[in-house]
Engineer: 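After the structure tokens below, expect a handful of questions from me.
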Amino acid sequence: MEIPEVVDTETEDAEEDVDENSISVDDSSELLTVEEIVQKLRDLLASDHPQRREVDEVKNQFYRSLRNETESQKAAFIEAGGESIDFVVKESEIYTEGKELIQKIKEKRAAILAREEVEKEQNVAKKMAIIDQIRHLAENQSQEDFNKAYQEFRSLQQQWNEIKLVPQTKVNELWKEYQRYVEKFYDLVRINNEFREYDFKKNLELKTELCEAAERLNEEPDVVSAFHQLQNLHQEWRDIGPVSRKDREEIWNRFKAASTLINKKYQAHFESLKEKEEENLAAKTALCEALEAIDYTKLKTVRDWNNKIKEVLDIQKQWREIGYVPKKWNTKIYDRYRAACDFFFRNKNDFYKSMHGEMEENLKKKLALCERAEALKDSQDWKKTTREMIAIQKEWKTIGIVPRKYVDSTWKRFISACDYFFEQKKLHASSQHEEEVNNYEKKREIVEKINNLDHSLTPEEALPLLRQLMDEWYGIGHVPFKVKDKAYKEFYDATEAQFDRLNIDKTERKLDSFRSNISDMARSDNAKSQLLRERERLMRQYERMKVELQTYENNIGFLSVSSKKGNNLLDDMNQKMKKIKSELELLVKKIAAIDEEL
């Protein structure tokens, strides 16, 4: 009788292992908490015989949890300003315990399998001895001692069924040999038909139930689970004795047909897995080739390296998302990938080490800029300091990188000083603007008073009031820049109208206008130097006009008044001299006004 090949999955998968580099990327199953996973590992370690499949499921859950924890820590590290290449995972005690439990389970299973291998070899000898005894019964049977032989036969069957573990390579061979002599015992001995038919009927009922159970497995959605259940049914089939000759082929064909359906599904399932594993191998090979194809001769600057590091980190992310590869390639492809990554990061480290001296020099330059910014941050010379701060910030941008551990601290120190200055400037500008708006309203009120001077006052009475209002107007500070011209025009038009009404000399008006100008100048950022330059300019103009007046006075003595022409020229020179004296007098007053401001 033919039997299907039975796979001992426990032995077949003995060399495979699940670790953090080969976990399944199928996240469809619900992920337990790490505490629940570790408790399952504790239970497995405490069990007498932890099963391979259950161990792998819990290990896969553990490494998925570990991967999620690692990625969570890494994301938090990068969000806090760290670089991916500097990240080091901090493993908690629960994950450390999990790894230790996995190792202990692995060692326990290895010890169990080793003991089972010894037991299997011993069981082969025991089963061979049983076969030999059954053969002896079948070949030396007589009617007289049938009952005794039958009881001995049943005892041998019981012993056979109690022996479970044998080497996979000898399962079918032993069973065939055993079945051969069991059937021969039933066929050849002159057994009492009552016992014979009863056994055959009972065995047929049991095998029919196994056929029905095997046929129901075709509806099982989990192909792997159905296959493992089928192996158990085959083991039960072996433990059941023969059926009558007329039923043997029919019942066996029914069981074999149900088994074939499950075996084909199982085979197709693993064929699809193998196909996917081949695709995964191709994808991982492509990533290795991409790493190996990096042209290090083109990586000459920090920017070049930073861009390439991002590419490599993306490749590593893709690698982790790819599932299993064929078992025979797992170690080879991982070693190739690890070697390419290690080679890249060694070159990266060598590059940054070579830049150490340059980075130290850059650090000194940036620290010097920090000190300059800190020295300026409390300055209230807003215009000058703003220019200096902007110049410092531009200089900062031209300086290269500094050692990584100083990047954040130096930048924070520098930008804090800059931000402090510009915040103070903003606050000052805000308060200054409010003050300027108030000044504008005050100046408009004074202009209104100038326009409304009592016309009944005599010039002698009105002029002191007008000058007092003008002094008040000049005494008020700056107005908003956008209304500066408008405010002055309103003031100028109002005063000119009053001067015209009061017949005030133009010279006096000019002096008043000059006083206004130097009053504005006195409130500027560089007031003293501007006033001194203006005084020097006026002094040079004064000296030049004095020389010009002296020349006219010298020349006037040479003119003859005997002719009409000479008389006209003399009048013209007198007019010019009069004008120069008037301007000299105005210059003296202007210089005096500047001296008052100084």
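The structure displayed is predicted, hence computed values, not measured ones.
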Engineer: Does any pair with a residue in residues 302-319 pass salt bridge (Lys or Arg N to Asp or Glu O under 4.0 Å), and if so which ones, sequence neighbours excluded?
Structural biologist: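 Residue pairs passing salt bridge (Lys or Arg N to Asp or Glu O under 4.0 Å), neighbours aside: Lys308-Glu311, Lys317-Glu321.
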Engineer: Does the side chain of Tyr337 come within less than 4.5 Å of Lys284's, by heavy atoms?
Structural biologist: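 No, every pair of side-chain atoms sits at 4.5 Å or beyond.
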Engineer: Are any of the side-chain nitrogens in Lys442 or Glu472 under 4.0 Å away from the carboxylate oxygens of its partner?
Structural biologist: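 No.
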Engineer: Looking at Gln103, I'd like to know if its CD atom is crowded, meaning that more than 12 non-hydrogen atoms belonging to other residues, nucleotides or ligands lie closer than 6.0 Å.
Structural biologist: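 Count over threshold, so yes.
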Engineer: Show me the donor-acceptor pairs within less than 3.5 Å that the side chains of residues 539-550 make with the rest of the protein, sequence neighbours left out.
Structural biologist:
unit_1, atom_1, unit_2, atom_2, d
Arg540, NH1, Glu536, OE2, 3.3
Gln550, NE2, Asn554, OD1, 3.2

Engineer: As an exercise, state the distance from CZ of Phe351 to OG1 of Thr301, rounded to the nearest 0.5 Å.
Structural biologist: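 Those atoms lie 6.5 Å apart.
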Engineer: Would Asp595 and Arg535 count as a side chain to side chain contact (heavy atoms under 4.5 Å, CB included) here? Give the steps.
Structural biologist: CA-CA 8 Å; Asp595 290 341; Arg535 189 180 192 283; 2.6 Å; yes
Engineer: Could you give me the CA-CA distance, side-chain angles and deciding distance for Arg42 and Glu97, then say whether salt bridge (Lys or Arg N to Asp or Glu O under 4.0 Å) is met?
Structural biologist: CA-CA 10 Å; Arg42 296 187 190 115; Glu97 181 188 356; 2.8 Å; yes
Engineer: Is Tyr488 close to Val479 at the side-chain level, that is, under 4.5 Å between some pair of heavy atoms?
Structural biologist: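 Side-chain contact under 4.5 Å: no.
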Engineer: Taking side chain to side chain contact (heavy atoms under 4.5 Å, CB included) as the test, write out the residues that go with Lys576, two or more places apart.
Structural biologist: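 Listed in chain order: Tyr552, Asp572.
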Engineer: Rounded at 0.5 Å granularity, tell me how far NZ in Lys104 sits from CG in Leu41.
Structural biologist: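 Separation between the atoms: 11.5 Å.
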Engineer: Is it the case that more than 12 heavy atoms not belonging to Trp329 sit under 6.0 Å from its CH2 atom?
Structural biologist: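 No, the 6.0 Å shell around CH2 holds no more than 12 heavy atoms from other groups.
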Engineer: Does atom NZ of Lys40 have more than 12 heavy-atom neighbours, drawn from other residues, nucleotides or ligands, at distances under 6.0 Å?
Structural biologist: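 No, NZ of Lys40 has 12 or fewer neighbouring heavy atoms, counting only those of other groups under 6.0 Å.
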Engineer: If you define the side chain from C-beta out and look only at heavy atoms, does anything of Lys276 sit under 4.5 Å from Glu279?
Structural biologist: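 Touching, per the 4.5 Å side-chain cut-off.
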Engineer: Considering residues, nucleotides and ligands other than Gln380, do more than 12 of their heavy atoms fall under 6.0 Å from its CD?
Structural biologist: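 No, because the 6.0 Å sphere around CD of Gln380 holds 12 heavy atoms or fewer from other groups.
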Engineer: Supply the atom-to-atom distance Leu453 CG to His455 NE2, rounded to the nearest 0.5 angstrom.
Structural biologist: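 One gets 7.0 Å once the value is rounded to the nearest 0.5 Å.
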Engineer: Strictly below 4.0 Å, N to O, side chains only: are Lys489 and Asp485 in salt-bridge contact?
Structural biologist: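 Here Lys489 does not pair with Asp485 in a salt bridge, since their nearest N and O are not under 4.0 Å apart.
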Engineer: Supply the atom-to-atom distance Leu32 CG to Arg64 CZ, rounded to the nearest 0.5 angstrom.
Structural biologist: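 Rounded to the nearest 0.5 Å, the CG-CZ separation comes out at 9.0 Å.
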Engineer: Evaluate the side-chain proximity of Glu292 to Arg336: yes if any heavy-atom separation is below 4.5 Å, no if none is.
Structural biologist: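 Answer yes - side chains close enough.
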Engineer: Verify whether one side chain among Arg533 and Gln530 offers a donor that lies under 3.5 Å from an acceptor in the other.
Structural biologist: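 No, because no side-chain N or O of Arg533 sits under 3.5 Å from a partner of the opposite role on Gln530.
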Engineer: For residues 355-365, which residue pairs pass the salt bridge (Lys or Arg N to Asp or Glu O under 4.0 Å) check, not counting sequence neighbours?
Structural biologist: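 The answer is none; no pair qualifies.
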Engineer: Quick one: pull up CD in Glu585 and OG in Ser582 and give me the separation to the nearest 0.5 Å.
Structural biologist: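 Interatomic distance, Glu585 CD to Ser582 OG, rounded to 0.5 Å: 6.0 Å.
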Engineer: With a 4.5 Å limit on heavy-atom distance, are the side chains of Phe421 and Trp382 in contact?
Structural biologist: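 Yes. Closest side-chain heavy atoms under 4.5 Å.
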Engineer: Quick check on Lys348: does its NZ atom have over 12 non-hydrogen neighbours (other residues, nucleotides or ligands) under 6.0 Å away?
Structural biologist: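 Counting neighbours around NZ of Lys348, more than 12 heavy atoms of other residues, nucleotides or ligands fall under 6.0 Å, so yes.
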Engineer: Would you call Val447 and Asn451 a side-chain contact if the rule is heavy atoms closer than 4.5 Å?
Structural biologist: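 With C-beta onward as the side chain, the pair touches.
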Engineer: Are side-chain heavy atoms of Glu395 and Arg372 found at a separation under 4.5 Å?
Structural biologist: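 In short, these two side chains touch, coming nearer than 4.5 Å.
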Engineer: Under 3.5 Å, is there a donor-acceptor pair between the Asp454 and Ser456 side chains?
Structural biologist: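 Their side chains do contain a donor-acceptor pair, which is all the 3.5 Å distance test asks for.
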Engineer: Can you list everything that forms a side chain to side chain donor-acceptor pair (under 3.5 Å) with Glu445? Sequence neighbours excluded, please.
Structural biologist: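 Checked Glu445 against side chain to side chain donor-acceptor pair (under 3.5 Å); zero matches.
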Engineer: Please list all pairs passing the ring pair (Phe, Tyr, Trp, His ring centres under 6.0 Å) test where one or both residues lie in residues 277-302, with sequence neighbours left out.
Structural biologist: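 For residues 277-302: Tyr296-Phe343.
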Engineer: If we ignore hydrogens and angles and just use 3.5 Å, is the side chain of Asn362 paired with the main-chain N or O of Ile401 as donor and acceptor?
Structural biologist: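 Yes, because the side chain of Asn362 sits within donor-acceptor range (under 3.5 Å) of the backbone of Ile401.
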Engineer: Please walk me through it: do Val34 and Glu69 pass side chain to side chain contact (heavy atoms under 4.5 Å, CB included)?
Structural biologist: CA-CA 10 Å; Val34 66; Glu69 172 64 17; over 6 Å; no
Engineer: To the nearest 0.5 Å, what is the distance between CD1 (Ile399) and OG1 (Thr410)?
Structural biologist: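 Between atom CD1 of Ile399 and atom OG1 of Thr410 there are 10.0 Å.
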Engineer: Taking the side chain as everything from C-beta on, heavy atoms only, tell me whether Tyr420 gets closer than 4.5 Å to Glu374.
Structural biologist: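 SC-SC contact between Tyr420 and Glu374 ruled out.
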